[in-house]
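Report on the following structure.
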Amino acid sequence: MLAGLQLQHLRRDFISGITVGIVAIPLGMAFAMASGVKPEYGIYTTIIAGLIVSLLGGSRFQIAGPTGAFIPILLAVVLQYGYENLLIAGFMAGTFLVLMSFLRIGNLVHYIPRSVTIGFTTGIAVIIFTGQLGNLFGLNGMAQKQYFHENMLEFFQHLPTLNLYSLGIASIGIVSIVLIPKIAPRVPVLLVALLLPTFVSILFFPSQLDTIGTVFGGISQSLPTFHLPNITWTKINQLWGPAFAIASLGAIESLLSAVVADGMTKEKHHSNRELFGQGIANMITPLFGGIPATGAIARTATNIKSGAATRLSGVIHSIFVLLTLLLFAPYASHIPLAAMAPILMYVAWNMSQIKTFKALLKRKNSDSLVLVVTFLLTVFVNLTVAIPIGLLLAVLSFVKKKSELLQLQQEESFQQKSLDDNRSIHYKIFTIKGPLFFGTAQTFEQAIAHKLAGNPKTLIIDMTDVSLIDATGEEKFTIFVTTAQQNGYTILIAGLPNWGIELFQQSGLFDQLGMDAFFSDVDHAKQVVLEAS
């Protein structure tokens with residue numbers, strides 16, 4: 001599992017593992033709380049999923065754990081079905097991911113349009129950012145709701161309960177996040193942005209703020225215990241939709257993270273092995289109380305920038321988080337929720353990709369439409385609706401664009417003298433350019449139908465520039481040829497690429513026309529027509 005490990009790599013892996021562990025601790029707790037579960041469940045996920053993916057995943061630099069992208073889905077599951085059922089959904093998501101790896105779906109994820117990924121990523125960022133407004137302002141009595149508009153209504157209704165202490169503590173965190181990278185770029189900014197406001201609140205107003213201890217009862221210092229969820233057919237039927245959404249999002253994010261790692265290291269990950277590792281991690285983590293996990297782009301990039309050499313860095317990251325849990329968990333109960341809010345808002349801002357969103361929006365084309373629809377559905381409905389509809393719109397847009405590429409050109413009837421006498425030879429040339437597939441088949445059928453009237457009775461069809469023929473296109477073309485032959489026409493095919501000839505051989509159209517009906521180019525076909533006359 002740790003092939004290639006050498007002594008000179010150990011120091012680099014140790015430093016990078018500790019660095020990533022420091023970053024992962026506040027994020028693990030923050031993502032868990034934002035998902036509606038106890039903070040220690042995020043820590044458990046960081047430890048277990050991080051270890052398994054480091055050992056079994058398809059990228060040796062991948063760092064896995066809870067991520068912000070999961071927050072809307074996990075929160076919705078918790079609010080609708082409860083924490084126990086979230087564990088079942090996570091386990092099912094793991095089985096889906098393992099199945100995806102065996103079906104070799106890993107490479108297909110790369111074909112998801114950028115307008116869809118940016119749309120739902122920015123939508124998730126909006127949900128995370130606005131979801132922390134209550135903690136930022138220290139509002140009392142706010143209840144977490146399933147939908148964005150409900151949460152925003154809750155926020156404005158409870159705004160009069162503003163707590164200036166919370167706002168002040170959160171401001172310290174925000175200033176830390178903004179200034180520390182400029183003053184001391186090597187300092188772990190998120191850890192400082194968590195600890196500094198916590199120390200200030202403990203020293204000056206310890207009883208004025210909601211903390212992890214007052215809201216969640218603190219963080220358990222013990223190791224997670226094994227617990228087998230009560231899986232029934234009824235629950236499987238209820239949860240397969242959310243589970244598949246978790247698996248799909250996890251596959252997308254983990255493979256995107258692996259691609260980022262490839263770009264930074266000039267290596268190449270194994271997509272299906274990555275899905276397998278993520279699947280096993282998500283099957284085991286719920287058995288110890290953890291929430292769904294995936295590859296984390298920011299933590300993976302931190303791992304690489306910190307000098308990671310092998311998979312051992314991810315293992316060390318998990319061990320470091322485990323030791324921190326065992327040694328310092330009781331102290332985490334003093335962390336104010338107002339100190340966690342800026343961290344999640346910072347994560348949301350970084351994942352929003354606002355510049356790319358604006359650039360796609362300015363195009364004012366079909367990509368912009370897909371982007372906006374996916375974004376709005378993510379924010380106001382949920383990801384299980386947003387991603388399928390976004391993909392469907394992208395496919396329809398692609399089909400429309402491709403359908404516009406089909407060109408049917410007819411040259412005028414040709415009247416030439418035969419080679420041996422003065423008889424006139426009549427023939428027509430039709431030129432087909434572009435793809436002949438289900439999106440253009442009807443256009444082809446309508447455009448070609450009226451061509452089968454009158455003279456001449458010899459049709460030369462130039463297919464040199466046909467780029468694609470699918471089953472529907474082949475069917476429509478066969479119908480055209482059959483109808484033409486029934487009406488006494490002679491059909492000659494010119495310039496058809498080898499792949500097209502093989503397709504017609506498989507469908508039977510090659511035998512129907514005969515070998516003598518196929519020519520390498522139009523000039524050759526015309527010559528044969530003249531000679532035959």
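Computed from a predicted model, the values in this text were never measured in an experiment. Numbering starts at 1 and runs along the sequence shown.
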* **Residue of the set Glu274, Lys268, His269 for which side-chain hydrogen bond (donor to acceptor under 3.5 Å, both in side chains) holds with Ser271** => His269
[Y] backbone acceptor or donor facing [X] side chain under 3.5 Å:
X      : Y      : answer
Arg311 : Ser54  : yes
Thr310 : Leu312 : yes
Glu154 : Met142 : no
Asn498 : Ile501 : no
Ser313 : Ala308 : no

* Non-neighbouring partners of Thr130 that pass side chain to side chain contact (heavy atoms under 4.5 Å, CB included), sequence neighbours left out -> Val126, Leu133, Phe148, Met152
Can you tell me how far apart [atom1] ([X]) and [atom2] ([Y]) are? Round to the nearest 0.5 Å.
X      : Y      : atom1 : atom2 : answer
Asn151 : Leu75  : CG    : CG    : 7.0 Å
Ser59  : Ile304 : OG    : CD1   : 6.5 Å
Ser248 : Ile387 : OG    : CD1   : 6.5 Å
Leu190 : Leu27  : CG    : CG    : 5.5 Å
Ile231 : Ile236 : CD1   : CD1   : 6.5 Å
Leu136 : Leu344 : CG    : CG    : 11.5 Å

Side-chain contact test, heavy atoms from C-beta onward, threshold under 4.5 Å: evaluate it for [X] versus [Y] and give yes or no.
X      : Y      : answer
Thr478 : Phe504 : no
Met29  : Leu194 : yes
Thr302 : Ser306 : yes
Lys305 : Thr19  : no
Phe477 : Val466 : no
Tyr44  : Thr285 : no
Pro113 : Asp367 : no
Ile212 : Met33  : yes

Closest non-hydrogen atom pair, [X] against [Y]:
X      : Y      : result
Gly28  : Pro66  : CA-CG, 3.9 Å
Gly50  : His317 : CA-CE1, 4.1 Å
Arg299 : Phe31  : NH2-CE1, 3.4 Å
Pro229 : Leu287 : CD-CD2, 3.7 Å
Leu405 : Pro435 : CB-CD, 3.8 Å
Pro388 : Leu383 : CD-O, 3.8 Å

* To do: Kindly indicate, with the supporting measurements, whether the criterion side chain to side chain contact (heavy atoms under 4.5 Å, CB included) is fulfilled by Val78 and Gln144.
  => CA-CA 10 Å; Val78 171; Gln144 286 183 314; over 6 Å; no
Going by ring-ring contact (aromatic ring centres under 6.0 Å, His included), name the residues that satisfy it together with [X], two or more places apart in sequence or in a different chain.
X      : result
Phe276 : none
Phe216 : none
Phe320 : none
Phe288 : Phe226

* Asked: Does the side chain of Glu253 come under 3.5 Å of the side chain of Thr294 through a donor N or O and an acceptor N or O?
  -> no
* Strictly by modelled atom types, are Ser257 and Gln62 linked by a side-chain donor-acceptor pair under 3.5 Å? -> yes
* Which residues satisfy the side-chain hydrogen bond (donor to acceptor under 3.5 Å, both in side chains) test with Asp462, sequence neighbours excluded? -> Thr464
* **Partner set under side-chain hydrogen bond (donor to acceptor under 3.5 Å, both in side chains) for Asn382, not counting sequence neighbours** => Thr384
Show every donor-acceptor pair shorter than 3.5 Å between a side-chain atom in residues 346-358 and any protein atom, with sequence neighbours excluded, or say none if there are none.
from: Tyr346; atom 1: OH; to: Asn350; atom 2: ND2; distance (Å): 3.4
from: Ser352; atom 1: OG; to: Trp349; atom 2: O; distance (Å): 2.7

Does [atom1] in [X] sit with more than 12 non-hydrogen atoms of other residues, nucleotides or ligands closer than 6.0 Å?
X      : atom1 : result
Gln442 : CD    : no
Trp499 : CH2   : yes
His270 : NE2   : no

* Would you list the pairs meeting side chain to side chain donor-acceptor pair (under 3.5 Å) in which at least one residue belongs to residues 116-129, sequence neighbours left out? => none
* CA sep, side-chain torsions, deciding dist, call: Ile246, Leu74, side chain to side chain contact (heavy atoms under 4.5 Å, CB included) -> CA-CA 8 Å; Ile246 292 170; Leu74 304 191; 3.8 Å; yes
* Asked: Any salt bridge (Lys or Arg N to Asp or Glu O under 4.0 Å) pairs touching residues 379-400, not counting sequence neighbours?
  -> Lys400-Glu404
* **side chain to side chain contact (heavy atoms under 4.5 Å, CB included) assessment of Glu267 paired with Phe61** => CA-CA 10 Å; Glu267 295 196 5; Phe61 299 104; 3.8 Å; yes
* **Parallel, tilted or perpendicular: ring planes of His149 versus Tyr147, cut at 30 and 60 degrees** => parallel
Which atom pairs, one a donor and one an acceptor, fall under 3.5 Å between side chains of residues 83-102 and the rest of the protein, sequence neighbours left out?
from: Tyr83; atom 1: OH; to: Gly289; atom 2: O; distance (Å): 2.7
from: Glu84; atom 1: OE1; to: His227; atom 2: NE2; distance (Å): 3.4
from: Asn85; atom 1: ND2; to: Tyr81; atom 2: O; distance (Å): 2.8
from: Thr95; atom 1: OG1; to: Met92; atom 2: O; distance (Å): 2.5
from: Ser101; atom 1: OG; to: Val98; atom 2: O; distance (Å): 2.5

Per-pair distances, 0.1 Å, donor-acceptor, side chain in residues 169-187, under 3.5 Å, sequence neighbours excluded:
from: Ser171; atom 1: OG; to: Leu167; atom 2: O; distance (Å): 2.7
from: Ser176; atom 1: OG; to: Ile172; atom 2: O; distance (Å): 2.8

* To do: Report the C-alpha separation of Phe120 and Val116 in whole Å, then their side-chain angles, then the decisive distance to 0.1 Å, and conclude whether the side chain to side chain contact (heavy atoms under 4.5 Å, CB included) test is met.
  => CA-CA 6 Å; Phe120 75 69; Val116 175; 4.1 Å; yes
